[in-house]
Amino acid sequence: MGNIDRHSKTTNFSQKVMAIVTRIPEGQIMTYKQVAILAGSHKAYRAVGNILKKNYDRKIPCHRVVRSDGNIGQYNRGAIKKKELLKSEGYL
DNA sequence: GAGCTGACATGTT
DNA sequence: CAACATGCCAGCT
């Protein structure tokens, strides 16, 4: 473990965001701001979206992260697909 | 090294 | 009530 990941940016913030989003249970959703707050900054909701956008990992249910207004928001695979996924999980 | 971009939020007009 | 403008953070060019 004395080797740093020089390829991945994996900063403290992105790591935290990733962990939080991964922990979101099925059928449950969180807002970008909420995730940002848990990540450490209640004003980094913009960065959260950027991180999730660059993160194509299927292990991270980024589709469970929605806007504070209740709108689904955007998605790297298509906002429509995101809506379908949320509906499929039980979130209406 | 500096500047621009963006999956947002909040406030004001 | 709705639309416009500004602010903020981290990542990418």
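The chains referred to below are lettered A, B, ... by the order of the sequence lines, with proteins before strands, and numbering in each begins at 1. For the numbers below, each heavy atom of this structure counts, side chains included, while hydrogens, waters and symmetry mates do not.
For A:Leu52, taking side-chain heavy atoms from C-beta onward, the closest of the listed nucleotides C:dA10, C:dG11, B:dA7 is B:dA7. Of the listed nucleotides (C:dG11, C:dA10, B:dA7), C:dG11 has the atom at the smallest distance from the side chain of A:Thr11.
A donor-acceptor pair is defined here as one N or O able to donate and one able to accept, closer than 3.5 Å; such a pair exists between the side chain of A:Lys82 and the backbone of A:Ile72. Panel note: side chain A:Ser88, backbone A:Glu84; no donor-acceptor pair is recorded below 3.5 Å.
Heavy-atom distances under 4.0 Å link DNA chain B to no residue of residues 20-29 of chain A. Residues of residues 60-74 of chain A having a heavy atom closer than 4.0 Å to DNA chain B, listed by number: A:Cys62, A:Arg67, A:Ser68, A:Asp69, A:Gln74.
A distance of 9.0 Å separates OH in A:Tyr75 from CG in A:Leu86, rounded to the nearest 0.5 Å. Taken from NE2 in A:His63 to CG in A:Asn76, the straight-line distance is 11.0 Å, to the nearest 0.5 Å. Atom-to-atom distance recorded for A:Arg64:CZ and A:Gln28:CD is 9.5 Å, nearest 0.5 angstrom. A distance of 11.5 Å separates CZ of A:Arg67 from OG1 of A:Thr31, quoted to the nearest 0.5 Å. Taking CG from A:Leu52 and OG from A:Ser14, the interatomic distance works out to 10.0 Å, rounded to the nearest 0.5 Å.
Contact of the A:Val35 side chain with the A:Tyr45 side chain is not registered, since no non-hydrogen atoms from C-beta on lie closer than 4.5 Å. Two residues are said to be in side-chain contact when any heavy atoms from C-beta on lie closer than 4.5 Å; A:Asp57 and A:Ile60 meet this criterion.
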Write down the protein N/O and nucleotide N/O pairs, taken from nucleotides 2-8 of chain C, whose separation is under 3.5 Å; answer none if there are no such pairs.
| unit_1 | atom_1 | unit_2 | atom_2 | d |
| --- | --- | --- | --- | --- |
| C:dG7 | O6 | A:Arg46 | NH1 | 2.5 |
| C:dG7 | N1 | A:Arg46 | NH1 | 2.7 |
| C:dG7 | N2 | A:Tyr45 | OH | 3.3 |

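Within 4.0 Å (heavy atoms only), A:Tyr32 reaches at least one base atom of the nucleic acid.
Between A:Thr31 and B:dA9 there is no side-chain N or O to OP1 or OP2 distance below 4.0 Å. For C:dA10, the OP1/OP2 oxygens have no side-chain nitrogen or oxygen of A:Ser14 closer than 4.0 Å.
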